[in-house]
Amino acid sequence: MITAEQSEKLRAWFAERLPVDVYESLVSVTVDREEITVVGAVPASESVKEFRERTREQRVEVAREAEELYRRKVAWGVKSGEETVLFTHLAVPVMTRLRQSERQVLDTLVAGGVARSRADALAWCVRLVGENADEWLRELRESLDKVRQVRAQGPDIQKSRPE
């Protein structure tokens, strides 16, 4: 996870490099360990397909530069009205160990037709928590930013260690 300050710098970096006619406005720039996702608003008169075709070369050029600089893949998306559509984004595998009661939850979702597999069921659960705990997750991220700030103000542990 990155700090709010780093996130703002990243957003500014993309805002500076994206030609003015790519997006109507830059909605968000989100980052994790693997990927940077850039979402912008498109005019109501333009479809997602039209946007992708019109801006492909410009986005590829900016993505190449960002991927080299930040060592993460760049994904793109658009916000059109209330709908957000992501494209060229990653689906990253993760490993986890689950106890039987947790596996039974996933298996019930599969058996009930909510998900095609345990992996799909786990992704469904994560999306559900994300949608229903937005405020709590936002507060947690802000708290983590504060922890990083306090750590940065503390003593340099590397310098204080005896050799």
Side-chain angles (χ1 to χ4, degrees), residues 1-98 102 105-110 112-145 148:
M1 221 169 113
I2 67 171
T3 65
E5 181 182 336
Q6 291 168 325
S7 181
E8 278 306 309
K9 285 181 181 178
L10 186 65
R11 181 186 177 87
W13 187 91
F14 276 94
E16 289 172 7
R17 278 158 184 81
L18 285 170
V20 294
D21 65 337
V22 170
Y23 287 121
E24 197 171 66
S25 65
L26 190 58
V27 174
S28 66
V29 177
T30 310
V31 64
D32 67 10
R33 290 185 292 182
E34 293 84 18
E35 181 177 39
I36 300 168
T37 303
V38 181
V39 177
V42 295
S45 61
E46 186 172 35
S47 72
V48 173
K49 183 179 178 181
E50 290 168 337
F51 169 84
R52 287 184 77 178
E53 291 172 11
R54 175 180 64 81
T55 64
R56 181 170 281 115
E57 287 181 29
Q58 296 161 309
R59 290 182 294 105
V60 167
E61 186 177 319
V62 172
R64 281 189 185 131
E65 188 179 350
E67 287 171 5
E68 186 174 317
L69 181 62
Y70 296 108
R71 302 283 185 230
R72 291 172 172 89
K73 289 292 184 186
V74 176
W76 300 94
V78 295
K79 185 167 177 76
S80 180
E82 293 301 310
E83 183 183 23
T84 299
V85 178
L86 297 178
F87 46 91
T88 65
H89 59 285
L90 300 176
V92 178
V94 296
M95 285 292 295
T96 186
R97 295 182 186 277
L98 299 175
E102 296 160 336
V105 170
L106 300 180
D107 292 342
T108 300
L109 293 171
V110 172
V114 173
R116 294 181 307 261
S117 64
R118 283 180 171 175
D120 192 37
L122 186 56
W124 182 86
C125 291
V126 170
R127 278 191 305 276
L128 188 64
V129 168
E131 290 169 2
N132 292 301
D134 262 352
E135 180 63 22
W136 181 80
L137 289 170
R138 184 190 60 72
E139 288 178 21
L140 184 59
R141 287 183 188 109
E142 288 173 359
S143 296
L144 291 171
D145 282 344
R148 282 190 202 91

With side chain to side chain contact (heavy atoms under 4.5 Å, CB included) as the test, would you mind laying out the steps for V48 and V42 before giving the verdict?
-> CA-CA 8 Å; V48 173; V42 295; 5.8 Å; no
Under the side chain to side chain contact (heavy atoms under 4.5 Å, CB included) criterion, do Q58 and D21 qualify, and how do the steps go?
-> CA-CA 10 Å; Q58 296 161 309; D21 65 337; 3.4 Å; yes
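Under the 4.5 Å side-chain criterion, counting only non-hydrogen atoms from C-beta, F87 is in contact with V78. The shortest side-chain heavy-atom distance between V60 and W76 does not fall under the 4.5 Å cut-off. You'll find the side chain of V62 stays beyond 4.5 Å of the side chain of V74, heavy atoms only. Annotation: side chain of L106 is in contact with side chain of L122 (closest heavy-atom distance under 4.5 Å). A 4.5 Å side-chain heavy-atom check between W13 and V29 finds every atom pair outside the cut-off. Contact annotation: the side chain of L98 never approaches that of V105 to less than 4.5 Å [non-hydrogen atoms, C-beta and beyond].
In this structure, V110 and R118 approach most closely via the heavy-atom pair CG2-N, 3.8 Å. Here the shortest heavy-atom pairing between E35 and A75 reads OE2-CB, 3.1 Å. Listed here is the closest heavy atom pair of S45 and E50: O-OE1, 3.8 Å. Here the shortest heavy-atom pairing between T55 and F51 reads OG1-O, 2.7 Å. Here the shortest heavy-atom pairing between A66 and F14 reads CB-CZ, 3.7 Å.
In this structure, E5 places its CD atom where only 12 or fewer heavy-atom neighbours from other residues, nucleotides or ligands lie under 6.0 Å away. Counting heavy-atom neighbours within 6.0 Å of E61 CD, excluding the residue itself, gives a total of 12 or less. Residue E57 places its CD atom among 12 or fewer non-hydrogen atoms of other residues, nucleotides or ligands, all under 6.0 Å distant.
One finds the CD atom of E46 at 4.0 Å from the CZ atom of R54 (value rounded to the nearest 0.5 Å). Note that CD1 of I36 and CG of L10 are 5.0 Å apart. Values are rounded to the nearest 0.5 Å. Note that the OH atom of Y70 and the CD atom of E65 stand 9.0 Å from one another [nearest 0.5 Å].
For the salt bridge (charged side-chain N to carboxylate O under 4.0 Å, His left out) condition, the pairs that include at least one residue of residues 73-90, sequence neighbours left out, are E67-K73.
In terms of modelled atom types and a separation under 3.5 Å, the side chain of R11 and the main chain of V27 share a donor-acceptor contact.
Salt-bridge formation is not detected for the pair E68/R64: no Lys NZ or Arg NE/NH1/NH2 atom is positioned less than 4.0 Å from an Asp or Glu carboxylate oxygen.
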Contacts table for residues 123-132: side-chain donor-acceptor under 3.5 angstrom, sequence neighbours left out:
unit_1	atom_1	unit_2	atom_2	d
N132	ND2	L128	O	2.9

